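Structure record follows, encoded as structure tokens.
Everything numeric here is computed off the predicted structure, so don't read it as measured data. Remember, it's 1-based here, ligands and their atoms both numbered in the order they're listed. Note that these values count all heavy atoms, side chains included, but never hydrogens, waters or copies made by symmetry.
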Amino acid sequence: MKILVINGPNLNLLGVREPGIYGKQSYEELLRSIREGAARLGVEVKCFQSNHEGAIVDEIQAALGAFDAIVINPAAYTHTSVAILDALKAVGLPTVEVHISDISQRETFRQFSYVSLYAEKTIAGQGFGGYIQALEYLKQRPVQQ
Ligand code: DQA
């Protein structure tokens, strides 16, 4: 099983960026933890990060026929991007949305997610562990006809 893991803007600054909210671990450490989790589960992962909405749309489009599922933390684009929502819907792959922080307990503008309108599951507030939970969910998910 091949899973594409997408991280949106400013997540490359993990560890530096608001550590009280996102923790002290870096993006490199997040990648290490995702790769370890994937190896343990026996799934193949590609990790992609971009600060640009169009680049994320391109990556989602390129997943068609190349990946079995998507894990996405769209970061700030969660709350603004119809383009990312439309790309996910166009490609139609099973998708899990992940947020490191619990967006339901933060500012009002973070409480609406466009991506949630398509994602099969949303995991928020579990730190880096949310990405591993997303991989576990996709691995055990029954294939729909
Ligand atoms: C985030 C939450 C978003 O509201 C924020 O813009 C982010 C990160 C999270 O992982 O908790 O950049 O997606």
Would you kindly say whether Gln49 and Asn51 are connected by a side-chain donor-acceptor distance under 3.5 Å? yes

Is it the case that the side chains of Tyr114 and Asp86 hold a donor-acceptor pair, with the cut-off being a distance below 3.5 Å and no angle test? no

Just the distances, no angles: every ligand 1 N or O to protein N or O pair closer than 3.5 Å, one line each.
{"unit_1": "ligand 1", "atom_1": "4 (O)", "unit_2": "His79", "atom_2": "NE2", "d": "2.7"}
{"unit_1": "ligand 1", "atom_1": "4 (O)", "unit_2": "Arg110", "atom_2": "NH1", "d": "2.9"}
{"unit_1": "ligand 1", "atom_1": "6 (O)", "unit_2": "Ala76", "atom_2": "N", "d": "3.2"}
{"unit_1": "ligand 1", "atom_1": "6 (O)", "unit_2": "Arg110", "atom_2": "NH1", "d": "3.1"}
{"unit_1": "ligand 1", "atom_1": "10 (O)", "unit_2": "Asn73", "atom_2": "ND2", "d": "2.8"}
{"unit_1": "ligand 1", "atom_1": "10 (O)", "unit_2": "Ile100", "atom_2": "N", "d": "2.8"}
{"unit_1": "ligand 1", "atom_1": "11 (O)", "unit_2": "Ile100", "atom_2": "N", "d": "3.3"}
{"unit_1": "ligand 1", "atom_1": "11 (O)", "unit_2": "Ser101", "atom_2": "N", "d": "2.8"}
{"unit_1": "ligand 1", "atom_1": "11 (O)", "unit_2": "Ser101", "atom_2": "OG", "d": "2.6"}
{"unit_1": "ligand 1", "atom_1": "12 (O)", "unit_2": "Arg17", "atom_2": "NH1", "d": "3.1"}
{"unit_1": "ligand 1", "atom_1": "12 (O)", "unit_2": "Arg17", "atom_2": "NH2", "d": "2.8"}
{"unit_1": "ligand 1", "atom_1": "13 (O)", "unit_2": "Asn73", "atom_2": "OD1", "d": "2.8"}
{"unit_1": "ligand 1", "atom_1": "13 (O)", "unit_2": "His99", "atom_2": "ND1", "d": "2.8"}

side-chain contact (heavy atoms from CB on, under 4.5 Å) evaluation trace for Thr122 with His99: CA-CA 8 Å; Thr122 298; His99 300 283; 4.3 Å; yes

Residue pairs meeting ring pair (Phe, Tyr, Trp, His ring centres under 6.0 Å), one or both in residues 20-79, sequence neighbours left out, come to none

Indicate whether any N or O donor in one side chain lies under 3.5 Å from an N or O acceptor in the other, for Gln111 and Thr108. no

Check whether the side chains of Glu120 and Tyr137 place a donor and an acceptor atom closer than 3.5 Å, and report yes or no. yes

